[in-house]
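Accompanying notes for the structure given below.
This structure is a prediction, so every number in the text was calculated from the model and none was measured. Here, residue 1 is the first one in the sequence, and each next residue gets the next number.
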Amino acid sequence: MFSNDRIRELTSMIYEMKDRLESMVRILNGEKIAAAQSSGGEETGMHIMDTGERIIEGVFNGERMVGPDGKEYPIPPNYASKSKLVEGDIMKLTITANGSFIYKQIGPVNKKRIMGELVRGETHDDWRVLSNGRTYRVLKASVTFHRGNAGDETVILVPEDGESNWGAVENIIKKK
């Protein structure tokens with residue numbers, strides 16, 4: 001049996017291989033891929049296809065993807081909730097020629113589970129999980145999907161290394 005870390009590593013490798021294969025197919029189909037460059041000449045992490053598609057890699061910050069230029073791109077809360085994205089996950093955004101945004105998680109960070117109590121934040125739409133004296137913000141879409149209520153025991157995922165302000169709801173255990 002593989003450990004969870006090994007499974008995550010293999011999964012990440014598979015996604016990298018899939019992305020490379022997709023790029024090779026595009027090249028075989030005659031598409032040209034140009035890397036966007038900064039004024040200093042280095043690549044910016046953005047690629048422009050000859051079809052007009054733009055591909056941008058960035059980092060999830062709890063609510064949005066932050067591109068290499070510091071620009072923030074909105075990630076649908078339902079996608080972030082379903083994918084259980086946490087701060088630090090590496091994302092790829094394809095902006096199609098017709099303006100559609102297609103997100104894909106390409107580099108998940110190692111995660112750990114923690115349990116805490118679901119509490120309302122300062123506003124009606126603001127939810128948090130209180131665990132070990134800390135609060136983590138969580139997406140309203142996750143709380144709504146799990147039909148959470150204040151006081152429910154909540155399992156969230158956070159990055160294994162480093163501090164985070166956000167957690168991804170994995171499950172909610174209803175209080176009696």
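- Among residues at least two apart or in separate chains, side-chain hydrogen bond (donor to acceptor under 3.5 Å, both in side chains) pairs with a member in residues 136-150 are Ser81-Ser142, Asp125-Lys140, Arg134-Tyr136.
- The salt bridge (charged side-chain N to carboxylate O under 4.0 Å, His left out) search around Glu117 returns none, not counting sequence neighbours.
- The backbone N or O of Ile172 lies less than 3.5 Å from no partner atom in the side chain of Lys174, so there is not a single donor-acceptor pair.
- The number of heavy atoms from other shown groups lying within 6.0 Å of CZ (Arg120) is above 12.
- Listed by chain and number, the residues in a side-chain contact (heavy atoms from CB on, under 4.5 Å) with Val129 are Leu118, Val138, Thr154, Ile156 (sequence neighbours excluded).
- Atoms CD and OG1, on Glu57 and Thr94 in that order, are 9.5 Å from each other to the nearest 0.5 Å.
- Looking at residues two or more places apart in sequence or on another chain, you find no salt bridge (charged side-chain N to carboxylate O under 4.0 Å, His left out) involving Lys71.
- Cluster membership for Ile95 and Met65, using ILVMFWY side-chain heavy atoms within less than 4.5 angstrom, is shared.
- In terms of the side-chain hydrogen bond (donor to acceptor under 3.5 Å, both in side chains) criterion, residue partners of Asp126 (sequence neighbours excluded) are, by chain and number, Arg128.
- Scanning all heavy atoms of the two residues, the minimum distance from Leu139 to Pro77 falls at CD1-O, 4.0 Å.
- The shortest non-hydrogen separation linking Ala141 to Asn78 is CB-OD1, 3.4 Å.
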* Determine, step by step, whether Val59 and Asp89 satisfy the side-chain contact (heavy atoms from CB on, under 4.5 Å) criterion, reporting the C-alpha distance in whole Å, the side-chain angles of both residues, the deciding distance to 0.1 Å, and the verdict. => CA-CA 6 Å; Val59 178; Asp89 282 340; over 6 Å; no
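- In the hydrophobic clustering of ILVMFWY residues, with side-chain heavy atoms under 4.5 Å counting as a link, Val143 and Val158 come out together.
- You'll find the side chain of Ile102 stays beyond 4.5 Å of the side chain of Leu93, heavy atoms only.
- Applying the side-chain hydrogen bond (donor to acceptor under 3.5 Å, both in side chains) test to Asn98 and every residue at least two apart in sequence or in another chain returns Thr96, Ser100.
- Both Leu85 and Ile56 are members of a single hydrophobic cluster when ILVMFWY side chains are connected at heavy-atom separations under 4.5 Å.
- Val66 belongs to no hydrophobic cluster with other residues, because no ILVMFWY side-chain heavy atom falls under 4.5 Å from its own, directly or through intermediates.
- Counting only residues at least two apart or on different chains, no salt bridge (charged side-chain N to carboxylate O under 4.0 Å, His left out) pair has a member in residues 77-87.
- Atom CZ of Phe145 sits in a sparse spot, with 12 or fewer heavy atoms from other residues, nucleotides or ligands closer than 6.0 Å.
- Annotation: side-chain hydrogen bond (donor to acceptor under 3.5 Å, both in side chains) contacts involving residues 164-173, sequence neighbours excluded, comprise Arg113-Glu170.
- Apart from Val155 itself, the hydrophobic cluster it occupies contains Met115, Ile173, where clustering links Ile, Leu, Val, Met, Phe, Trp and Tyr at side-chain heavy-atom distances under 4.5 Å.
- Every residue two or more places apart in sequence or in another chain that forms a side-chain contact (heavy atoms from CB on, under 4.5 Å) with Pro76 is listed here: Tyr79, Tyr103.
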* Can you check side-chain contact (heavy atoms from CB on, under 4.5 Å) on Gln105 and Met91, steps first, answer last? -> CA-CA 5 Å; Gln105 180 185 27; Met91 306 294 297; 4.1 Å; yes
